Structures are given as C-alpha cells and as structure tokens.
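Single-structure report; data block below.
Just so it is clear, the structure is predicted and the values come from calculations on it, not from any experiment.
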Amino acid sequence: MKKLSILGLLSAGLLLSSCFGTTPTPPAGGATPPPPSLKVGELTPQDITIYNEFSTTLEGKQNVEIWPKVSGFIQHVYVEEGQKIKKGQLLFKLETQTLNQDANAAKASVNVAQVEVDKLKPLVEKNIISEVQLETAKAQLEQAKANYESVASNISYSRITSPVDGYIGEIPFKTGALVSSNMGRPLTTVSDISQVRAYFSLNEKELLKLKESMPKKDKNLMDLEKAPEVKLEMINGKEYPEPGKIAMINTIINSTTGSVTARADFENKNNILSSGSTGKIKIPTVYKSAYEIPQAATIDLQGKKLVYVLKDDNTVTTMPIDIIANTQKGYIVENGIEKGTTIVLEGVTKIKDGMTISPVK
C-alpha cells in the first residue's frame, strides 16, 4: 500500500514538473531579421523619345464654298452629295429666261447705237454737223456694248462649275429653288482632301517648349523643314499610318485665349481622313543620353523627388533627381546621375537611408 502511494507521488511530481518546469532563457534582444530582398536596376543612358499630345481638328487642303453670282431658279443639279468631281465640272444650271430677254434688249440697244454712228459719219465728213455729235454717238455705242457684255456674262454665270478637284458636300438647295448671291448659305462646298491639314493650339508654355526643341535656321527662327515628323491619333484611337509634317506655327499669342495656332499636314491618298474630323497630334521630343526612372522607384520629400542608390556594401542612400520630362512609366533625368548607378526599384516607401538590403538584380 505504501509502495503505491510513493509511485503516485512520483508520477504527480513528474507531471507538475512537465507543466511548470523552467525553459532555457533566449538571448537578450531576440534574433536579428534578415535584410529585405528588393529589386534593383542599373541606370544606363539612352536616347528617349516622348510625345506631347494636342487635340486637333482636320480640314481638307481646300474647302471651297460654291455661291451663285446671279439670281435664278435652279434648273438642274448635275452632282450628288459626296461625289468626287474634277475642276471645271458642271455642278448647277440656273434658269436664264429672264437673262436671255435682258440680253436681247441689250443687243438691240447696241444695234441702235451702231446705226446712229453710221448715220452721223458721212454728215461729219460733209461738215453738215459737228464732230462732237459723232463722238457722243460713239460713246453711247460703247456704253451699249458694255451693257450687253455684262448681261452676257450673267448668262454664263448661270452655269456653275467647280473651281477645284474634290468631293461635294451637302446640297441644301434642290431643283426649283430660287437662289441668289445674298443667300445665308452656299449652294454646296467642294472639299479637296488629297491632303489634310490638322490645326491645333498650344499655350504659352507649350509654345516655348516646342521652340526649344525645334531645329533652328539661326538663333531665332525655327526651321520647320527639318522639324521631326509628327503622328496623328484618329478618333477611334488608332494611329494614322502616314506621318505628317509641321507646316505652320503662329508665334503671335492670342491675348484672349493665351494660345497660338499651329498646323500639321498629312497626305490622304486613300481618303481615310475626312474634313471636320477630330483627333490628337503627337509631337516627338528626343532626349539624348538621358535616364528613364520608374515612378515606383521614387519618393517625395519636401517637394523633391528622390531615389535610393545602392552602395557597394548593400546599404542604400537617398539621392535627389532633376526631372526634365514625364513619361507614361516615370521620369526623364539628364544630369546628376553617373553611368552605372544602381537604384532600388521597389519597396522604397519601406526602407530608410543607410539601411541594408538584399539586392535582387
């Protein structure tokens, strides 16, 4: 009986020892965590091209409004809206009955004046009348001829032809409509879209930046002949396949809008572009031997952009950067960086100056 009690006490003691026994004391301060593994990259200078975008409106090389020079009823319309036409092609024919009557009356006046001159000539030769009367009759004859030629010209104006090659626009007046030169809108518009002109606006700062990037003829004048080709992004978001050239930059700033107008020309042989369309002009700027730094690799400190530079001992230190332009990925820097500098590309908000990292190249 005593043996069983002793064994029970021993078992209880062992159980309590396992539950409340002492454990080894860990070192003071705990284990040091390993340095964070972060991606780094070596900066290499390269030529970088970025595009500045400007909203644009397209116009045909020529948009010619067709107006009647004389009043009359439209007798015939020879073209359809949207039709391609040639220079000199007949577009409209106006009714000329009234004009023909005027022409007949003017022609009769010429004949009467001519008869009067013919009658007075022999009388002057015989000194029956003075030569002043003959000269007066001749003047009246010239006036009658001028009136007739004016009416005859009006008759020719009843045939309205196209002054240029192009495409017919809207035709608001149909056969039978009375038209005149005092109408509020033209008979139609002929648009030559073999070449399209893209007009866009720049503010004062954008103009100054464009001037600085343009080739120069001398110290002051931009050389548009050597200007870089520009691109056109169409309204559907696709890029027009043919590059364009900057043809004009108005350097006089509009005091009301604070902007200037510029123009880029594009060939339109396949008639993809239409007069009146909209899009975006993309003007390239090339930065020579520059660095592109990802936005995710930068931090903001008191209004400045900084990056973390990796040192030989795998510690990092901050370095300010001088940004000259923005890209879709980040920033362009030309000066202040040595070739081969390695910067931290990720996790920059979680590290501090002087911290050690495990770089992943």
Side-chain angles (χ1 to χ4, degrees), residues 47-65 164 166-167 169 185-186 189-269 271-288 290 292 322-335:
D47 294 345
I48 303 172
T49 301
I50 65 171
Y51 289 89
N52 297 308
E53 297 183 351
F54 303 91
S55 298
T56 183
T57 301
L58 307 181
E59 291 185 10
K61 182 179 180 181
Q62 284 185 301
N63 287 325
V64 182
E65 294 181 341
V164 294
Y167 289 83
R185 59 191 306 189
T189 301
V190 179
S191 179
D192 180 1
I193 57 172
S194 60
Q195 186 183 76
V196 169
R197 297 176 172 181
Y199 290 90
F200 57 99
S201 296
L202 302 92
N203 61 37
E204 192 171 353
K205 183 181 290 186
E206 292 167 338
L207 174 62
L208 184 59
K209 185 177 180 181
L210 184 61
K211 283 183 175 182
E212 292 173 346
S213 66
M214 280 287 181
K216 303 291 190 298
K217 287 184 179 179
D218 52 40
K219 294 182 179 179
N220 299 316
L221 295 177
M222 292 180 289
D223 190 353
L224 296 183
E225 292 294 329
K226 296 180 181 178
E229 293 180 333
V230 299
K231 297 181 179 180
L232 172 63
E233 184 180 306
M234 298 181 290
I235 190 63
N236 60 1
K238 294 182 179 180
E239 193 172 284
Y240 183 63
E242 296 291 332
K245 291 287 290 183
I246 295 179
M248 179 274 293
I249 299 175
N250 183 2
T251 57
I252 300 176
I253 297 174
N254 186 311
S255 59
T256 303
T257 63
S259 62
V260 299
T261 301
R263 192 188 90 220
D265 293 346
F266 294 84
E267 295 296 328
N268 191 32
K269 297 177 181 177
N271 297 325
I272 296 176
L273 304 176
S274 300
S275 185
S277 295
T278 58
K280 292 181 181 179
I281 290 292
K282 302 170 73 173
I283 302 178
T285 301
V286 180
Y287 297 93
K288 298 286 186 179
E292 184 174 18
D322 185 14
I323 298 171
I324 59 172
N326 297 341
T327 69
Q328 291 182 342
K329 298 178 181 179
Y331 310 103
I332 294 178
V333 178
E334 279 186 330
N335 303 315

Minimum side-chain heavy-atom gap Ile249-Met214 below 4.5 Å: yes
Side-chain touch Lys211/Thr251, heavy atoms, less than 4.5 angstrom: yes
Any side-chain heavy-atom pair of Tyr287 and Thr285 under 4.5 Å: yes
Residues, nucleotides or ligands: over 12 heavy atoms within 6.0 Å of Lys245 NZ: yes
Leu58 side chain near Ile193 side chain, heavy-atom distance below 4.5 Å: no
Any Val230 side-chain heavy atom under 4.5 Å of Phe54 side chain: no
Non-hydrogen atoms of Asp322 and Val333 that approach each other most closely: O-CG1, 3.6 Å
Minimum-distance pair of heavy atoms, taken over all atoms of Ile323 and Asn326: CG2-OD1, 3.8 Å
Backbone of Ser194 reached by a side-chain donor or acceptor of Asp192 within 3.5 Å: yes
Any residue meeting side-chain contact (heavy atoms from CB on, under 4.5 Å) with Ser274, in chain and number order, not counting sequence neighbours: Ser277
Heavy atoms from other residues, nucleotides or ligands near CD of Glu204 exceed 12 (cutoff 6.0 Å): no
Validation row: Thr327, Glu292 side chains within 4.5 angstrom (heavy atoms): yes
CD1 on Ile281 to CG on Leu202, rounded to 0.5 Å: 10.5 Å
Distance-minimising heavy-atom pair for Ala198 and Phe266: CB-CE1, 4.0 Å
Atom pair NZ/CG of Lys209 and Asn203 - distance to nearest 0.5 Å: 10.5 Å
Side-chain heavy-atom pair Leu273, Leu232 within 4.5 angstrom cut-off: yes
Ile235 side, atom CD1; Thr278 side, atom OG1 - distance, nearest 0.5 Å: 3.5 Å
Nearest atoms (heavy-atom pairs only) where Thr189 meets Asn63: CG2-C, 4.2 Å
Heavy-atom closest contact (Glu334 atom, Lys288 atom, distance): OE2-O, 4.0 Å
Euclidean distance, Ile283 CD1 relative to Ser213 OG, rounded to 0.5 Å: 8.0 Å
Pairs satisfying side-chain hydrogen bond (donor to acceptor under 3.5 Å, both in side chains), at least one member in residues 227-242, at least two apart: Tyr51-Lys231
Shortest non-hydrogen contact between Pro228 and Pro284, atoms and distance: CB-CG, 3.9 Å
